[in-house]
Amino acid sequence: MKGKTKLLYVLIINIPVAIAIALTAQLLAIGKIIVSLFIINLLIAYGIAFLIGMLIPVEPIGVGFAKLFKVKEGVVFGLLVNLPINFIYVTLISLIMTCFNVVILEKLPIGAFVGGFLGTYPVLYIVGYIVSFIANRPAMKTAQRITN
C-alpha cells in the first residue's frame, strides 16, 4: 500500500485503535472517564499511532511474521499478521501515554511509571489487538474506495 491510500488507511484505522486504547487505559488507571483527560490521551494515542503507521514498516513486519508459520492467507494469517503490528503500536503508545500521565501529569516517580505500564499493558494489548483486527478490513476498503 502506498501514497494516498496508505495515508488515508493510517488516518482511518487509528481512530478506533486510539479511542479503544485511551478509553481502556483511563478506565484501568482511575476507574472512570474524565472527558478532558480522555481527549488529551486520545490525541496522544492518535498522534503516536499516526507516526508509527507512517514511519515504521509495520505491514511488512506483520506479513513476514505470519509467513514464518506457512499458513495461507485468510483469518489465521490475518491474526498472525496482527500480532507484531499490535505489539509495536500498543507498546509505543502505552509507554508514551503512561509516561505522560504518570510522570508528567501526576509527577510520580519512575517506579510508578513502570508499575503503571506493566499493570495496564496486557489489557491494552488485548483490546488493541481485537479492535485493530476488526477495524482493519473496513479501514482498508474505505481508504481504497476513496482513493480509487
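This chain uses plain numbering: 1 for the first residue, then up along the sequence. Here the structure is a predicted model, which means the values were calculated and not measured.
- With rounding to the nearest 0.5 angstrom, the CD1 atom of Ile39 is 11.0 Å from the CD1 atom of Ile33.
- Remark: Ile12 CD1 to Ile146 CD1 distance equals 5.0 Å, nearest 0.5 Å.
- Note that the CZ atom of Phe50 and the CG atom of Leu55 stand 8.0 Å from one another [nearest 0.5 Å].
- Scanning both residues, Lys32 and Gln26, for their nearest heavy atoms gives O-CG, 3.4 Å.
- For the side chain to side chain contact (heavy atoms under 4.5 Å, CB included) test, residues two or more places apart in sequence or in another chain that qualify with Ala135 are Ile13, Pro16.
- Grouping the Ile, Leu, Val, Met, Phe, Trp and Tyr side chains by contacts below 4.5 angstrom, directly or via other members, places Tyr89 apart from Leu42.
- Residue pairs meeting the side-chain hydrogen bond (donor to acceptor under 3.5 Å, both in side chains) criterion with at least one partner in residues 139-148, sequence neighbours excluded, are Thr5-Thr147.
- Within the 4.5 Å cutoff, no side-chain heavy atoms of Phe113 are placed close to those of Leu108.
- Interatomic distance, OG1 of Thr24 versus CD1 of Ile126, reported as 10.5 Å (0.5 Å rounding).
- Taken from CD1 in Ile48 to CG in Leu43, the straight-line distance is 11.0 Å, to the nearest 0.5 Å.
- Linking ILVMFWY side-chain heavy atoms closer than 4.5 Å, directly or via other members, places Val114 and Leu105 in a single hydrophobic cluster.
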task = Could you please spell out the steps behind the side chain to side chain contact (heavy atoms under 4.5 Å, CB included) verdict for Val127 and Leu23?
result = CA-CA 10 Å; Val127 168; Leu23 186 63; over 6 Å; no

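- Atom-to-atom distance recorded for Ile21:CD1 and Tyr46:OH is 13.0 Å, nearest 0.5 angstrom.
- Connection of Phe87 to Ile134 is not established within any shared hydrophobic cluster, with ILVMFWY side chains joined at heavy-atom distances below 4.5 Å, either directly or through further cluster members.
- Taking all atoms of both residues into account, the shortest heavy-atom contact from Lys6 to Met54 is NZ-O, 3.9 Å.
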With a 3.5 Å cut-off and sequence neighbours excluded, list the donor-acceptor pairs that the side chains of residues 96-104 form with protein atoms.
residue, atom, partner, partner atom, Å
Thr98, OG1, Ser94, O, 2.6
Asn101, OD1, Asn41, ND2, 3.4
Asn101, ND2, Asn41, OD1, 2.7
Asn101, ND2, Met97, O, 2.7

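- Sorted by first and then second residue, the pairs that involve residues 115-125 and meet side-chain hydrogen bond (donor to acceptor under 3.5 Å, both in side chains), not counting sequence neighbours, are Thr91-Tyr121.
- Linking Ile, Leu, Val, Met, Phe, Trp and Tyr residues whenever their side-chain heavy atoms come within less than 4.5 Å places Phe133 and Val123 in a single cluster.
- Counting all heavy atoms, side chain and backbone alike, Val90 lies closest to Gly128 at CG2-CA, 4.3 Å.
- In summary, of the residues considered (Val58, Ile85, Asn14, Val10), a side chain to side chain contact (heavy atoms under 4.5 Å, CB included) with Ile52 occurs for Val58 alone.
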For residues 60-82, dump all side-chain donor-acceptor pairs below 3.5 Å to protein atoms at least two apart in sequence or in another chain.
residue, atom, partner, partner atom, Å
Asn82, OD1, Ser132, OG, 3.2
Asn82, ND2, Tyr129, O, 3.0
Asn82, ND2, Ser132, OG, 3.1

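- No single ILVMFWY cluster, assembled from side-chain heavy atoms under 4.5 Å apart, contains both Leu27 and Ile93.
- Here side-chain hydrogen bond (donor to acceptor under 3.5 Å, both in side chains) pairs that include residues 102-119, with residues two or more places apart or in two chains, number zero.
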key: Pair Leu92-Ile56, side chain to side chain contact (heavy atoms under 4.5 Å, CB included): steps then yes or no   = CA-CA 11 Å; Leu92 294 174; Ile56 299 174; 3.9 Å; yes

